[in-house]
Amino acid sequence: LFDAMQTGVKEGGYLAFTLENVSEDTEASLEKSDKADSWRWQLTASGRFAHRKEYVIRTANEHDFQVVHYETLDNFRYESGAGVRGHVFVMQKMGDDTASDAAADEL
């Protein structure tokens, strides 16, 4: 998907999207495991994919996008009566001009 967005979004353009996150219990278990660094996504019981924040940001950066806004979303939808955790990402496509602007903004 990021390959297509890298090609389709113009330099300086924005993306905004939500993704499902795993439950707090699952996240806590993953953080304690030796696989925490390599965990990227999980197919949940509902048949939906849950993505780890760090994986999404790393993949975005590899495709010339920078996260300009991030929020966690608790109960952004319900599955069988239980709230589902998620994330909202807003990203900007970086290029030579936007990358130097972003670097200057960080100073």
Side-chain angles (χ1 to χ4, degrees):
L1 187 59
F2 271 100
D3 287 339
M5 292 187 296
Q6 184 178 29
T7 302
V9 176
K10 293 180 182 179
E11 181 181 317
Y14 289 89
L15 300 171
F17 57 90
T18 61
L19 293 171
E20 191 168 309
N21 196 358
V22 294
S23 69
E24 289 178 344
D25 292 340
T26 300
E27 188 171 28
S29 295
L30 288 166
E31 291 300 326
K32 292 177 185 175
S33 79
D34 58 349
K35 298 179 183 180
D37 290 338
S38 64
W39 184 79
R40 301 171 298 188
W41 55 267
Q42 176 184 17
L43 181 60
T44 65
S46 69
R48 296 174 183 264
F49 288 91
H51 294 80
R52 187 172 188 186
K53 173 186 173 185
E54 292 80 6
Y55 168 67
V56 175
I57 292 172
R58 184 175 60 247
T59 304
N61 291 339
E62 290 169 359
H63 289 85
D64 303 325
F65 288 95
Q66 179 179 17
V67 175
V68 295
H69 182 76
Y70 171 82
E71 284 183 48
T72 58
L73 300 171
D74 291 326
N75 304 324
F76 84 110
R77 69 175 191 79
Y78 289 85
E79 180 77 31
S80 300
V84 175
R85 298 172 67 220
H87 329 257
V88 62
F89 295 89
V90 178
M91 300 179 180
Q92 184 175 22
K93 172 89 176 279
M94 306 309 289
D96 293 337
D97 293 336
T98 50
S100 57
D101 290 346
D105 289 344
E106 291 179 10
L107 297 178

- N61 side, atom CG; M91 side, atom CE - distance, nearest 0.5 Å: 8.0 Å
- Which atom names give the shortest non-hydrogen contact between E11 and G95, and what distance separates them? CD-CA, 3.5 Å
- side chain to side chain donor-acceptor pair (under 3.5 Å) against D3, all qualifying residues, sequence neighbours excluded: H63
- Heavy-atom distance under 4.5 Å between the side chains of T72 and N21, does that happen here? no
- Query: Among all residues two or more places apart in sequence or in another chain, which pass the ring-ring contact (aromatic ring centres under 6.0 Å, His included) test with F89?
  - Reply: F17, Y70, H87
- Note on the structure: Residue set satisfying side-chain contact (heavy atoms from CB on, under 4.5 Å) with V68, at least two apart, ordered chain then number -> Y14, V90, Q92
- Partners passing side chain to side chain donor-acceptor pair (under 3.5 Å) against R77 (at least two apart in sequence or in another chain): E20, E79
- Message: Hydrophobic cluster membership, with links at side-chain heavy-atom distances under 4.5 Å among I/L/V/M/F/W/Y: are V88 and V56 in one?
- Response: no
- Under the salt bridge (charged side-chain N to carboxylate O under 4.0 Å, His left out) rule, what pairs show up with a residue in residues 60-69, not counting sequence neighbours? none
- How long is the span from the CD1 atom in I57 to the CD atom in Q66, to the nearest 0.5 Å? 10.5 Å
- Query: Which pair of heavy atoms, one from F2 and one from T59, lies closest together, and at what distance?
  - Reply: CD1-CG2, 3.5 Å
- Message: Test of understanding: clusters of I, L, V, M, F, W, Y form through side-chain heavy atoms closer than 4.5 Å, transitively. Do M5 and V67 belong to the same one?
- Response: yes
- Message: According to a hydrophobic-cluster definition based on side-chain heavy atoms being under 4.5 Å apart (Ile, Leu, Val, Met, Phe, Trp, Tyr only), do V22 and F76 belong together?
- Response: no
- Task: Would you please name every residue forming a salt bridge (charged side-chain N to carboxylate O under 4.0 Å, His left out) with E54, sequence neighbours left out?
- Result: R52
- Message: Taking V84 as the starting point, is it possible to reach L19 by hopping between hydrophobic residues whose side chains are less than 4.5 Å apart?
- Response: no
